[in-house]
Amino acid sequence: MHSSKDFSLLTLPCFQYRQDGSATTTSATSGAALPTGTSTAKLHLLAQAAGKLYFGSATDNPELSDPTYVNLLSDSAMFGQITPGNSMKWDSTERSQGSFTFAGGDTVVALAHANGQLVRGHNCVWHNQLPSWVSGGTFTAAQLTNIVQTHCSVCPSNVFRYAWDVVNEPFNEDGTWRTDVFYNVLGAGYVTIALNAARSADPTAKLYLNDYNIEGSGAKATAMQNLVRSLKAAGTPIDGVGLQAHFIVGSVPPTLQTNIQAFIALGVEVAITELDIRMTLPATAALYNQQKTDYNTVISACKVLSGCIGVTIWDFTDKYSWVPNTFSGQGAACPWDVNFVKKPAYDGIVAGLS
Ligand code: G3I
């Protein structure tokens, strides 16, 4: 680990690894010394002491060949929960109709179980990462109902998970329904079909709806709250709402805490499910310090509300973050840098949990 006075790493280009293992040489730092995190406290232990169920991280199967990464991920005092970032999605588990493969997901589950960590299943029904037989299919309502029921039964029943993101990202930014194959054929009822199937398959898993840009109040958050309200009124099983929390440095919504409370007031638990806070590169000390403040703000909002049960970061190291692959010129979103050095963001999380 290098101290804030160690310049040896700072002249090197930052290698951002893509999903296929290739690297790009985006310059992630400004060349000036960047501050580091200094706390030695462990995040999951702190979360438990604060009354939370877990502090966790997403992971992905290709990263599990990196021993330094796996050692850190396997520290159950640091991470009490893991979410597979890709390997339980539809295009991984049911690439051909009725033919299920759990190899990738099972690898993550086995690691979590060996470490005594909870697993969040991610996800059953989502418009993205669908095999073409689903996204491009022409179905009657009866046919697609059967397809959703089968998929949402087989996945959650495969092995125990603490929770499942049963429906992911159902809404557009303005709160209207996203017009994917599920909505187009089944209308909003696809959510009920999916939740009922998941409940039948796994009576004990917490069933979640999960989305982004519902962290602060606004049309999309209101749409999700209205959906939860109507599901509850109809007796449909719904246990939780996941706030993904893919934020930008300096832009954490000021209504975050009151909005989390608004979800909890509907009788569901809330989890922060995919937290990361990205910046426009190169990283600077000022950006790192603002990021520390922002992580603190998010964690503190969850900490003070007992109905906010845990926080998952969308991987813990910039080495494997999804951000640079999606947002050109942005990155450095995680609490550990590409060299597994803690950033000030880490101390922000510690302060938020303490
Ligand atoms: O599977 C192919 C592989 O065959 C191919 O060789 C490789 C080439 O790049 O691509 C592989 O697919 C990639 C996939 O991850 C699995 O590695 C896709 O290109 C890549 O786009 C995909 O990115 C994932 C993204 O979801 C897709 O939308 C990220 O890793 C994953 O972190 C991200 O996670 C989502 C959550 O599920 C939902 N919320 C937003 C979050 C961030 O986008």
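For ligands, and for the atoms within them, numbers begin at 1 and follow the listed sequence.
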With distance as the sole test, does [X] use its side chain to make a donor-acceptor pair with the main-chain N or O of [Y] at under 3.5 Å?
X	Y	answer
Gln117	Phe79	yes
Lys319	Asp337	no
Asp66	Thr68	yes

Ligand 1 N/O within reach of [X] N/O, cut-off under 3.5 Å:
X	value
Trp126	no
Asn123	no
Asn128	yes

Show the nearest heavy-atom pair for residues His151 and Phe100, with the distance to one decimal. ND1-CE2, 3.7 Å
Evaluating non-hydrogen atoms only, which member of Tyr320, Trp322, Trp314 is closest to atom 34 (O) of ligand 1? Trp314
Side chain or backbone of Tyr212 under 4.0 Å from ligand 1, or both, or neither, by non-hydrogen atoms? neither
When the ring planes of Trp126 and His122 are compared, do they come out parallel, tilted or perpendicular, using 30° and 60° as the limits? tilted
Which atoms of ligand 1 have any heavy atom of [X] under 4.0 Å away?
X	result
Glu274	36 (C), 38 (C), 39 (N), 40 (C), 41 (C)
Asn168	38 (C)
Glu169	38 (C), 39 (N), 40 (C)

Of Trp90, Phe139, Trp177, which is the lone residue that meets ring-ring contact (aromatic ring centres under 6.0 Å, His included) with Phe182? Trp90
